[in-house]
Amino acid sequence: MDSPIPFLDLNLLPDPSTAVMAAATSPKSATINSSVNKFVETGRLLTPKLEPKLEPFDDVYQTPVTQQSQPVQERFLSSTSSNFFSNSDFARTPFSDQNHHPFSQSSSISSDKDSVYSEFYRISQLFRTAFGKGSQSNGDVEVVDPDSRAIVPVPDENHMSTMVVSKRRYDKRSSELVRVTDLGVDDQRYFRDVVRRTRMVFDSLRVLSMPEEEKSSGLIRRLRSDLRASSLMRERGLWLNRDKRIVGSIPGVHIGDLFFFRMELCVVGLHGQAQAGIDYVPASQSSNGEPIATSVIVSGGYEDDEDSGDTIIYTGHGGQDKFSKQCMHQKLEGGNLALERSMHYGIEVRVIRGMKYAGSVTSKIYVYDGLYRILECWFDVGKSGFGVYKFKLLRIDGQAEMGSSILRFAENLRSKPLSLRPSGYLSLDISMKKEAVPVLLFNDIDNDQEPLYYEYLVGTVFPPFAFHQSGSGTGCSCVSGCVHDCFCAMKNGGEFAYDQNGCLVRGKPIIFECGPFCQCPPQCRNRVSQKGLKHRLEVFRSRETGWGVRSLDLIPAGAFICEYAGVVLTREQAQVLSMNGDTLIYPNRFSDRWAEWGDLSQIYSNYVRPSYPSVPPLDFAMDVSRMRNVACYISHSTSPNVLVQFVLYDHNNLMFPHLMLFAMENIPPLRELSIDYGVADEWSGKLAICN
DNA sequence: GTATAGTCACTTTG
DNA sequence: CCAAAGTGACTATA
């Protein structure tokens, strides 16, 4: 019998992907010994209590590295304007006086209280109030013009109706510049949840405002569903971090987090510019009249950029024609000036990389890569012969592995796993080709090989009587694929649970996929989870969570991951087995995370959580003691990135649904997956997984 | 068929 | 109130 390991919440641990590329030179861990990720009952399972802790305002502000603060325009223009346009000899001359180079004096932090940067202060719990409700201080809500009214779909429990939402005048972003430091564990978890919830709303709105397939009226609308989603959220005050301008990391956003849209960056406050690559507090709002940069996006849109990971030569903005060709000299203004001022004061900037991502669509993804310092700034001749500003950025030490390099590593790992990780692989497919894509087994920290000793189970084994039920032979007759009002759509309450890409649109108590009794083809949109794995998964050994699971591919939010498979036992059978100490899963104990997915109650006051089709309390257990699949190695978290959704397809017996796992966020490659296994039952003390 | 170039409709900020 | 920042979805072309 396994000995249970102490409960560890994945989210309290450093991102395991940071260790991915570390060399496999570590002492053996003899204490971790668990085949399934289980946990013992502890008080830490329950809701964290948020204890406000106020930090003194005074002693925590940051001061400029250089005490003297010359008027910047004067300083710059006087030192450069003479040779600015004389072209021939743009030397590599840093604008900053060497004596005042930020890094040369960065250790000397003055405590000058009259410093222009006294508004930098540590803030912890102040943000808590600011976050939750969208921090509206707007008394003036008004309709700007009657034509700017938007008709938006409003989901109610069974169908879509419409309502009219008027556009409002928005608040400007705050000018208050702050840095958030020393967040406690509870705070981190809180902000993570807020960010995740916000991104879920964004995704739901985006998917809901996508055009449905037909639209045969000939009126082809180009619909930017990302813009629609963000503007709806803005109307509701759901954009994050608008009441403070945060320099440094954004609470709840981790290094390596992935975004598919620029507007998504705006919504969470990671980067506030819809198009521009440099975000900054403008001089007009800054307390000392100097602009300060907060974040940059390295998108590859400037020919003079040189990105080598930890160091970046970043080109300032401007000087391009509408065809993105340099056509004139850049000026030291706007974001360019802000970057220079940030360098002057030694203030870090967030770096987001826009990268082409092979797979899915040909679009870009944005990766948050952490904080960088600006080392140098100079004026140079660009490739096109026009003057450009260049900034040398250096990544600050001690941060988690860059998301962009993990992406690249994972991409290479796809084609040549053994040459990139010559040791550690125990198996290149523990499913022995039973799954559509391989499930790898990796352990580079100890000698445990346990997952090799189980028979691989692709799908849950139900008792024969589960199939003997009246009505189990009915299905749709959509020979050419299901349409929106077909029989199977009706079974699901009149709408399909999945979008055209097979992503879960809204969680439901249970989903009816098309099955063997339906006439529709295999590529029907209502067949998703029954087709098995799409993303390559890897069971891996971790010092913190025992065995864990991660993906080698990017898993987009809402995508199906895998089934949680086992051998179904009735209550009586389970009682016998549990006395023998076998490992059982109790499906009814998983938290109802499906309810969060697609929850638009923050947008629509009349939103009701789907309650149809209803599902009776589940009264079975699953045995995974001999046969199991990849899912039972997934770790527990109270802030999980994977949800459990009940699905039926091969029979219609509501008592015995499949447990299907879907991504709750964009899960980067090599990041550990986690499920909320539920909290201990107050009376029995039992958990989803029990011995 | 697949990559690339071009075109168009957008939004927020300072 | 407007200029400036560039994307994302689509269409045409190589």
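Because the structure is predicted, anything quoted here is derived from the model rather than measured. Values below: all heavy atoms of this structure, side chains included; hydrogens, waters and symmetry mates excluded.
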[X] [atom1] to [N] [atom2]: how many Å, rounded?
| X | N | atom1 | atom2 | result |
| --- | --- | --- | --- | --- |
| Glu235(A) | dT11(B) | CD | P | 11 Å |
| Phe323(A) | dT7(B) | CZ | C1' | 10 Å |
| Lys356(A) | dT2(B) | NZ | P | 17 Å |
| Trp239(A) | dT11(B) | CH2 | P | 11 Å |
| Leu265(A) | dT11(B) | CG | P | 17 Å |
| Met355(A) | dT7(C) | CE | P | 15 Å |
| Met263(A) | dC10(B) | CE | C1' | 10 Å |
| Arg242(A) | dT11(B) | CZ | C1' | 12 Å |

Tell me which donor-acceptor pairs under 3.5 Å the side chains of residues 553-561 of chain A have, and how far apart each pair is, sequence neighbours excluded?
from, atom 1, to, atom 2, distance (Å)
Asp553(A), OD1, Arg414(A), NE, 3.2
Asp553(A), OD1, Arg536(A), NH2, 3.4
Asp553(A), OD2, Arg536(A), N, 2.8

Taking ring-ring contact (aromatic ring centres under 6.0 Å, His included) as the definition, give me every residue that meets it alongside Phe391(A), ordered by chain and number, with sequence neighbours left out. none
Nearest to the side chain of Asp226(A), which nucleotide is it out of dG8(C), dT12(B), dT13(B)? dG8(C)
Considering just the side-chain nitrogens and oxygens of Arg228(A), establish if one lies under 4.0 Å of OP1 or OP2 belonging to dT11(B). no
According to a strict under-4.0 Å criterion, is Arg206(A) in side-chain N/O contact with OP1 or OP2 of dG8(C)? no
Classify the side-chain pair Glu340(A)/Tyr389(A) by whether it contains a donor and acceptor separated by less than 3.5 Å. no
Answer yes when Arg199(A) and Glu264(A) have at least one side-chain N-carboxylate O distance shorter than 4.0 Å, and no when they do not. yes
Do you know which two heavy atoms are closest between Ser175(A) and Gln285(A), and how far apart they sit? CB-OE1, 3.2 Å
At their closest point, which heavy atom of His317(A) faces which heavy atom of Glu333(A), and how far apart are they? NE2-O, 4.4 Å
Have a look at Gly272(A) and say if it touches a base, only the backbone sugar-phosphate, or nothing, with a 4.0 Å heavy-atom cut-off. sugar-phosphate
Output one line per pair: protein atom, nucleotide atom from nucleotides 2-6 of chain C, and distance, for all N/O pairs under 3.5 Å.
from, atom 1, to, atom 2, distance (Å)
dA5(C), OP1, Gly318(A), N, 3.4
dA5(C), N1, Gln275(A), OE1, 3.3
dG6(C), OP1, Tyr302(A), OH, 3.3
dG6(C), OP2, Tyr302(A), OH, 3.2
dG6(C), O4', Gln275(A), NE2, 3.4
dG6(C), N9, Gln275(A), NE2, 3.2
dG6(C), N1, Gln275(A), OE1, 3.4
dG6(C), N2, Gln275(A), OE1, 2.9
dG6(C), N3, Gln275(A), OE1, 3.1
dG6(C), N3, Gln275(A), NE2, 2.9

Paired with Glu596(A), the side-chain contact (heavy atoms from CB on, under 4.5 Å) test is passed by just one of Met200(A), Arg197(A), Arg196(A), namely Met200(A)
